[in-house]
Amino acid sequence: MTNSTKNIDPAFEGAGQKFIIFLTMHRGMEIWRIENFQPVALPKSDYGKFFSGDSYIILQTTSNKGGGYLYDIHFWIGKESSQDEAGTAAMKTVELDAVLGDRAVQHREIQGLESDKFLSYFKPCIIPLEGGFASGFKTPEEEKFETRLYICKGKRVVRMKLVPFSRSSLNHDDVFILDTENKIYQFNGANSNIQERAKALEVVQYLKDKYHEGKCDVAIIGEFWVLFGGFAPIGKKVVHDDDVFIETTAGRLYSINDGELNLEECVLSKSILESNKCYLLDYGAEIFTWVGRMTQVEERKAASKAAEDFIVSENRPKTARITQVVQGYETHSFKSNFESWPAGTGTTISEDGRGKVAALIKQQDVDFKGASKGSPVNEEIPPLLEDSGKLEVWLINGDAKEPVPKEEIGKFYAGYIVRYAYHSGEKKEDYFLTCWIGKDSTQDDQLMALQLATKMWISLKRRPVQGCIFQGKEPLQFIALFHPMVVLKGGVGSGYKSLISEKNLSDETYAPDGIALIQVSGTSSHNRKAMQVDAVATSLNSYDCFVLQSGTIVFIWNGSSSTFEQQQQAVHTAEFLKPGATFKHCKEGTESSAFWFALGGKQNFSSKKTTQDVVRDPHLYTFSFKKGKLVVTEVFNYSQDDLLTEDMLILDTHAEVFVWIGHSVDHIEKQNALDIGQKYIELAVSIEGLSPKVPLYKVTEGNEPCFFTAYFSWDPAKAMVQGNSFQKKLTNLFGTYGSEASLLLFSHKSESKNRAAGVQHDGPTQRASALAALSSAFNPSPNTRSTVVRPSRPSQGSQRAAAVAALSTVLTEEQMKAEEEASAARFRSRSPGPRFPSESEQSVDLSAEREAMESDDFEGDHNDEESEEAQEEAEITENVGECTFSYELLKTKSSDPVRGIDYKRREAYLSDAEFESVLGMTKETFYQQPKWKQDLQKKKVDLF
């Protein structure tokens with residue numbers, strides 16, 4: 001590093017050091033606001049407040065498992081911030097990086113277009129305030145509550161956008177939050193994403209707690225439209241600049257010389273990047289600047305400005321992002337643009353960070369142990385499976401599996417299937433099902449093991465954790481199942497025997513009466529692993545213990561640096577392999593001639609400790625396929641809430657890889673989970689240096705083992721909630737009821753369906769109709785079709801929720817306490833289900849919807865198909881009579897397709913006359929048919 005610090009702003013003195021000294025948390029944040037073109041530190045109480053007229057610098061310091069520290073610097077530019085202030089923030093960011101030792105990743109953040117990583121620091125969202133330092137801030141006394149309407153976008157992090165408080169701002173495709181002085185409403189467009197609806201619930205709760213002191217009511221149906229002047233159809237979605245999606249393109253690399261860009265005509269390779277230069281990598285959606293370790297601060301500032309100018313000259317939309325990385329600290333998203341990224345030989349983050357920590361701690365006279373490389377590190381005990389379960393092992397023999405006798409369980413040769421059944425807490429029986437692949441196994445045996453294990457997984461209703469574990473990479477929760485685990489050479493199955501016969505190889509299979517050397521390297525009671533090695537003196541190591549068998553003679557050799565636990569484990573291993581034999585103990589340096597003779601003679605051996613795998617932080621990824629190539633996107637600062645039931649995700653701990661599968665994922669995709677995981681491993685091998693033999697698992701929602709949940713702050717109660725993402729969040733946030741008004745959120749689809757069902761909210765007749773619909777929903781007659789329209793997801797619970805919504809609207813508008821209580825009593829007398837509260841208990845209750853969600857089966861394997869088909873037949877389309885479009889606009893292959901509609905119900909937007917002309921029957925007749933027949937007829941006329 002050759003950077004000078006003479007031009008560094010004094011406001012950054014000590015930046016990143018306070019967090020390192022006070023090791024009370026894993027993350028630390030510092031924020032500066034640009035005031036009069038100088039960075040001024042903000043008090044902690046103002047963290048999370050961003051004014052649209054200002055620019056800010058945010059430093060996020062994160063400790064990693066390797067003992068080092070990672071730095072991310074974000075400069076945030078408000079939409080009303082001046083260009084000079086924004087430029088100052090960018091330049092000062094480079095100076096701050098120099099203070100941190102040129103190791104930070106720098107991110108440019110534009111208001112409303114912030115990166116996922118930035119937003120993950122401020123969950124559930126940030127809501128920029130008006131004003132700024134230059135124009136002045138409003139004091140609390142000056143502030144008057146204003147009704148605000150927001151668009152809420154994002155499945156895992158939320159981008160809030162303030163839009164005009166007008167019906168014209170609404171559309172069918174987005175989720176909106178209307179924040180009034182006394183109530184908060186969530187409006188879900190008919191075509192809005194179910195996961196965005198769920199995330200918006202967190203924002204509703206956040207607004208309620210932060211700006212209403214937790215006392216406001218939330219989303220009572222019927223009142224929403226009053227605020228907009230009454231119900232009316234809403235228009236199509238208007239595309240804004242921040243809705244523009246930038247296509248990812250093939251990467252183009254430019255070298256930066258004196259602020260000028262020069263295109264490098266070459267294949268992207270790490271070897272191209274020179275440590276005394278800066279580069280710009282353009283791949284469309286994001287612009288990277290890469291700066292070499294030997295570059296100066298002024299060169300880095302020039303590179304930052306060159307990236308800003310590049311976006312302007314290329315006429316890129318505002319959604320384009322700029323990230324600056326330093327040599328040796330490149331992000332996954334940067335490295336993934338290269339064919340491969342060979343590991344470097346420079347100082348690692350761990351060593352560099354630990355050295356800095358030690359120096360800082362020493363300055364503060366703090367007793368810091370473990371900062372030097374030579375200090376011992378206590379072994380962390382991993383989460384292990386409950387140890388009183390049932391263990392079964394099968395040997396792969398040809399195209400079949402053969403059970404291994406109980407006394408032989410623990411001896412591993414070529415290929416096996418292991419199943420462990422256990423109870424975790426008071427839950428039902430859980431399973432750990434995995435293949436173990438030895439280095440001497442054949443390709444055919446490996447494939448057969450996977451096929452047979454998958455069949456077992458399906459037969460157990462897809463509940464077990466299914467894994468694939470390779471020799472030498474066994475995780476501790478696997479090793480701990482055996483007492484002990486001994487990996488032996490060769491194989492006893494037909495596959496291995498055929499292989500050595502075909503290739504004329506010598507059979508090295510372990511023989512109980514032959515010569516064999518077993519290395520015992522386990523260091524604790526949960527790490528009881530031993531492995532057969534070549535029976536020569538050079539295999540010995542002073543840090544381990546060994547069992548040497550020569551015919552009937554068994555030696556137990558203890559290295560000079562071995563532990564007492566290892567020595568005990570060596571005895572246990574010898575007893576397992578040679579029960580009843582007499583053992584000869586010898587310490588290093590006291591060996592007999594018979595010992596050396598069995599090893600072919602005395603030779604020098606290693607006295608160095610075996611290096612352990614690098615410990616790295618876990619990362620959670622979503623994924624997609626583009627042109628057949630796996631593309632992963634990191635979920636930053638992840639939590640259990642990011643495991644959405646409609647998704648599959650990849651958790652990479654570097655020691656293991658998990659593919660997590662939500663309940664609502666298609667069965668075929670579930671079966672392909674291990675293939676997807678293998679594709680990820682292949683990608684991570686080339687980019688992140690992951691071992692190609694890393695253990696791989698697939699984990700289904702609701703069956704997460706302890707060695708998976710250990711990487712989260714896991715709440716078992718959340719994991720037990722069923723439903724889609726929206727319903728789960730609804731239950732988790734509003735599942736308990738106090739004196740405040742409970743929540744009943746609604747969508748445009750619900751409102752229009754109430755109207756289609758004839759709920760006009762004008763008197764006792766409508767109340768009776770609503771009650772009848774509610775009674776029908778909770779007590780359906782097997783011979784009577786319901787007339788209540790279901791939401792987009794067909795389920796009994798959804799039908800019940802729609803009926804509850806219709807009734808609550810009638811009761812709210814009438815505001816007659818006595819009739820509410822009487823209606824609730826009549827409902828309770830007919831159904832043991834959830835009760836309707838009286839006026840004194842607030843106007844709307846979620847009990848019915850919660851009961852409905854709990855009664856639904858969302859696991860996919862046990863759906864009530866008859867009930868579902870009955871609801872399909874009862875479907876009445878939304879928006880009938882409210883807005884219609886011509887057949888030519890509604891066709892799927894239309895040259896000028898209509899937008900902003902529910903595309904699953906195109907036929908619903910036809911006029912009555914055109915509906916009969918196109919489909920040859922009335923709407924009433926059409927919707928009385930089974931759903932499959934409706935779909936078939938719609939396909940014939942290009943409406944499906």
Side-chain angles (χ1 to χ4, degrees), residues 124-125 127 143-152 158 160-170 174-189 192 196-232 234 726 729-752 754 759 761 801-802 804-817 820 836-850:
C125 66
I127 302 178
E143 292 181 354
K144 182 179 179 181
F145 193 94
E146 296 180 12
T147 296
R148 291 182 170 88
L149 181 65
Y150 300 96
I151 293 181
C152 189
V158 177
M160 297 284 285
K161 180 182 178 182
L162 183 67
V163 295
F165 176 35
S166 167
R167 182 188 289 108
S168 61
S169 296
L170 302 173
D174 291 318
V175 178
F176 295 82
I177 293 176
L178 177 62
D179 187 13
T180 71
E181 188 168 6
N182 298 315
K183 289 185 177 69
I184 304 172
Y185 303 82
Q186 179 172 325
F187 175 88
N188 301 324
S192 60
E196 289 191 339
R197 296 181 187 185
K199 201 65 182 177
L201 287 174
E202 293 184 19
V203 179
V204 169
Q205 183 66 42
Y206 170 76
L207 292 173
K208 180 179 178 179
D209 293 340
K210 187 172 181 66
Y211 297 107
H212 298 269
E213 299 180 346
K215 298 178 181 179
C216 72
D217 295 336
V218 183
I220 300 178
I221 292 182
E223 298 179 16
F224 180 86
W225 288 113
V226 174
L227 299 172
F228 288 89
F231 177 82
I234 57 179
F726 179 70
K729 187 65 67 176
L730 204 60
T731 301
N732 286 326
L733 287 179
F734 305 100
T736 57
Y737 308 103
S739 60
E740 300 177 0
S742 295
L743 175 69
L744 186 55
L745 300 172
F746 78 107
S747 68
H748 181 62
K749 186 175 294 186
S750 301
E751 182 74 8
S752 61
N754 289 339
V759 181
H761 318 152
V804 173
L807 180 59
S808 66
T809 302
V810 177
L811 296 179
T812 301
E813 290 190 354
E814 290 183 345
Q815 296 183 349
M816 298 176 66
K817 177 179 179 181
E820 277 188 37
F836 230 77
S838 64
E839 182 79 5
S840 62
E841 295 174 295
Q842 304 298 340
S843 56
V844 183
D845 197 291
L846 265 185
S847 301
E849 182 156 337
R850 182 181 60 176

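Index from 1, following the sequence. Please read these numbers as outputs of a predicted model, since none were measured by experiment.
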query: Taking C-beta and beyond as the side chain, do Arg167 and Ile234 meet within less than 4.5 Å on heavy atoms?
result: yes
- request: Go through Tyr150 and Leu178 one step at a time and tell me if the side-chain contact (heavy atoms from CB on, under 4.5 Å) criterion holds.
  value: CA-CA 6 Å; Tyr150 300 96; Leu178 177 62; over 6 Å; no
- line: The side chain to side chain contact (heavy atoms under 4.5 Å, CB included) partner of Pro124 among Glu202, Gln205, Met160 is Glu202
- request: Step by step, work out the salt bridge (charged side-chain N to carboxylate O under 4.0 Å, His left out) result for Glu196 and Lys199.
  value: CA-CA 5 Å; Glu196 289 191 339; Lys199 201 65 182 177; over 6 Å; no
- prompt: Can you list the steps and then say if Val175 with Ser192 is a side-chain contact (heavy atoms from CB on, under 4.5 Å)?
  reply: CA-CA 6 Å; Val175 178; Ser192 60; 3.7 Å; yes
message: Looking at Asn188, is its backbone amide N or carbonyl O close enough to the side chain of Arg197 to form a donor-acceptor pair, meaning the two atoms are under 3.5 Å apart?
response: no
message: Tell me if the aromatic rings of Phe176 and Tyr185 count as close, with their centers under 6.0 Å from one another.
response: no
field: Contact check, side chains of Asp217 and Asn182, non-hydrogen atoms, under 4.5 Å
entry: no
statement: Taken to the nearest 0.5 Å, the spacing of Leu201 CG from Leu730 CG works out to 5.5 Å
task: Please test Ile127 against Cys125 for side-chain contact (heavy atoms from CB on, under 4.5 Å), starting from the C-alpha separation and ending with a verdict.
output: CA-CA 7 Å; Ile127 302 178; Cys125 66; 3.9 Å; yes
Any donor-acceptor N/O pair, Ser169 side chain to Pro164 backbone, under 3.5 Å: yes
statement: NZ (Lys208) and SG (Cys216) are apart, to the nearest 0.5 Å, by 6.0 Å
task: Determine whether the side chains of Asp179 and His212 contain a donor N or O and an acceptor N or O closer than 3.5 Å.
output: yes
message: Nearest 0.5 Å, please: how far is CD in Glu146 from OG1 in Thr180?
response: 13.0 Å
message: side-chain contact (heavy atoms from CB on, under 4.5 Å), that's the test. Do Leu149 and Leu162 meet it? Break it down for me.
response: CA-CA 6 Å; Leu149 181 65; Leu162 183 67; 5.8 Å; no
